[in-house]
Amino acid sequence: MLEIKGLHAGIEDKEILRGIDLVVPTGEVHAIMGPNGSGKSTLSYVLSGREGYEVTGGSATFDGHELLEMEPEERAAAGVFLAFQYPVELPGVNNANFLRTALNAQRRARGDAELDAVQFLKMARAEIKRLSMADDMLKRNVNVGFSGGEKKRNEVLQMAILRPKLAILDETDSGLDIDALKIVADGVNALRGPAFSAVVITHYQRLLEHIVPDRVHVLANGRIIRSGGPELALELEAQGYAAVVAEAA
Amino acid sequence: MPAVTETLDTVAAVTEGGYKWGFSTDIEMDMAPKGLNEDIVRLISERKGEPEWLLAWRLKAFAAWLKMEEPDWAKIHHPPIDYQDLHYYAAPKKKPGPKSLDEVDPALLAMYEKLGIPLRERAILAGVEPGDVEAGEGERPPVAIDAVFDSVSVATTFRATLAKSGVIFCPISEAVHSHPELVKQYLGSVVPAGDNYFAALNSAVFSDGSFVFIPKGVRCPMELSTYFRINARNTGQFERTLIIVEDGGHVSYLEGCTAPQRDENQLHAAVVELVAMTDATIKYSTVQNWYPGDADGKGGIYNFVTKRGVCRGARSKISWTQVETGSAITWKYPSCILQGDDSVGEFYSVAVTTNRQQADTGTKMIHIGKRSKSTIVSKGISAGRSDNTYRGLVRIMKGADGARNFTQCDSLLIGDQCGAHTVPYIESRNPTAKTEHEATTSKIADDQLFYCRQRGLSQEDAVGLIVNGFCKDVLKELPMEFAVEAQKLLAVSLEGSVG
């Protein structure tokens, strides 16, 4: 379970998150929607431990771990995965090597046995097939020369291989065509189950047609101003953020 | 704290503790008195029982050196070197050959162990086992090793096995006696005694090094390797390597080097000469890991090296691959003279500098033969407050119709107090020749590090992965086992420079 209490955070002197309270029970998928500049990406970075963000108050715990006290790699080993809005290129580093190194680092941290190259490739190829992705995905250098859609698909592949307990998807749908959107949604849905939770950050209702959330939260000005069921997304789509923000104010 | 600040703090925290080869070994030495003059040159020659012609050659080089000035065009800075404050000859005292490992000077054995030399090779190097044991099935292929300890070669392994195929692999001091005609013919034929300041110095006082001869049509059955170790205090090391490959021959040669951690700077001025005849191939790989000095730039090896190969015959090929992580100063330009038609020269280089290290390294490709071809791939990685310069010359001579060169120079910066410089010279005197030059400079970005860490990699592993990715084009040129070593070395060298 992810539990965020009174979280305040920002960059340098600028406060961006102004007291976030959010509970995502294990097994649930929650959507966070909101206008530009509301703090959506900041929330995902603070939860995953990106440097440069200063937490000025509050707490975030995941399955009993004090997330905010942990290094990014410790959070990853605890099961936190961030699907990046802008996936990063790593020239000369092939996907298979990158993923196996990452997976084994996580397994080591958890006290599990590492996978050898053969075991890893077998597992990775099965995931690729299941996600209907191209075989050369593993051979290519991480995100180098990938189209926008391929980069997002690669995030989903990484998620499928690393099997997180909590996935945070930061506008993974931005810039995707319908087919790619469906692959991303299928990737998340395939992981859904009693031991998996997700926070899906998005501008648009469109992704939520494919990943139906248990709860929807509206983030504006660094606070969650409204929460509701999947129908809230439809309401936002129909009325726009301005109306909901004005109503809550 | 922003990543950059942390990066710099971690850089600052790195000390000489990171250099695990920094031990020194207490072994009884036979040393020449400090200083350099004609008598010392004579003494070295006499200790080695050299023939008259070689002494004359040395004296001529010494006379030339006296008239020369230290070059000052490289982007390196150091206090003046006092050439009179060094020992020019140091050798472990000879004892009667040991019967078993128990009789070997334990200090010497301990050193081999620390250097990671396998047990059996340790025994061979110590002179206990004959050096021609055949490798058992399933064992890794043997590598013939020549170990050069300060000024002398202490042992060479697998000589008998090599001799069966006609390959000569022995200390050059020995080749002077056993194969004088070859040494006389080729010594100084690629790097003349008066070529440059450091080559002249080396020619006057060189003590030992490796000699390799591959006869016509022979593919050397195993990798040849030389291990260089500077141990004695205040000693210069001046080794000289000569490799000759006759028509159609092939050899892959590896060299590795380490030195103890000392507060004073030690001078290393080596010369390597390669000769490739028609259809011959020489692959020369170096992993240079001399002591780089501490975080404040105290101590470390001054590495002034002249390496040059000549592709004499048609379709001959010389390939230099170097991974340079050590030395306080590196001044080194392994070069190819592409004399034969359709000859090929290659230079693949990774140079890593951290702390206060300075590297000015690159290559020269001199195209003389028609359709001669050269490839230069240089990867410079700078961290800490170091300076890393690529300096390269591509010269196409008038007769080199259809010559081709491709050059790629990439620099990777870690932190914001280091420097990367690229100084390419291209001179073409033939309108049918083509040269290409590509250069990039990049930084390990904070978002790359965060991306890796979010997937579970530690900061150190992330840097290692990114750096190895950056160097991939060069590392893949190294022989397999060396490549693994080099990858580890890169990771260790950069340990703490970002994380």
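Every heavy atom of this structure was used, including side-chain atoms; hydrogens, water molecules and symmetry mates were not. In what follows, every chain begins at residue 1, and chains take the letters A, B, ... in the order their sequences are listed.
The environment of NZ in Lys151(A) is crowded: more than 12 heavy-atom neighbours from other residues, nucleotides or ligands sit within 6.0 Å. Taking a 6.0 Å sphere around NZ of Lys373(B), one finds it holds 12 or fewer heavy atoms contributed by other residues, nucleotides or ligands. Applying the 6.0 Å contact sphere to CG of Asp135(A) captures no more than 12 heavy atoms from other residues, nucleotides or ligands. No more than 12 heavy atoms of other residues, nucleotides or ligands lie within 6.0 Å of CD in Glu12(A), so this atom counts as exposed by the packing criterion. For Glu54(A), the CD atom counts as loosely surrounded, since its 6.0 Å shell holds 12 or fewer non-hydrogen atoms of other residues, nucleotides or ligands.
The distance from the CG atom of Asn468(B) to the CG atom of Leu90(A) is 12.5 Å, given to the nearest 0.5 Å. Note that CD of Glu51(A) is 12.0 Å distant from CG of Asp447(B), once rounded to the nearest 0.5 Å. To the nearest 0.5 Å, atom CG of residue Asn97(A) and atom NZ of residue Lys472(B) are 8.0 Å apart. In this structure, OG on Ser48(A) lies 11.0 Å from CZ on Arg453(B), to the nearest 0.5 angstrom.
With a 4.5 angstrom heavy-atom cutoff, Pro164(A) does not touch chain B via any of its atoms. At a 4.5 Å heavy-atom cutoff, Asn104(A) makes no contact with chain B through either its backbone or its side chain. Heavy atoms of Arg50(A) lying under 4.5 Å from chain B belong to its backbone as well as its side chain. Contact annotation for Leu82(A): both backbone and side-chain heavy atoms come within less than 4.5 Å of a heavy atom of chain B.
Aromatic ring centres of Tyr86(A) and Tyr451(B): separated by at least 6.0 Å.
When all heavy atoms of Val80(A) and Gln454(B) are compared, the pair lying nearest together is O-NE2, 3.0 Å. Closest of all the heavy-atom pairs between Thr101(A) and Leu457(B) is CG2-CD2, 3.2 Å. Residue Arg455(B) comes nearest to Glu155(A) through the heavy atom pair NH2-OE1, 2.6 Å, listed as atom of the first residue, atom of the second, then distance.
If you tally non-hydrogen atom pairs under 4.5 Å between each of Ser458(B), Ser442(B), Gly456(B), Cys471(B) and chain A, the highest count goes to Gly456(B). Looking only at heavy-atom pairs under 4.5 Å with chain B, the residue among Glu73(A), Glu74(A), Gln158(A) that has the most is Glu73(A).
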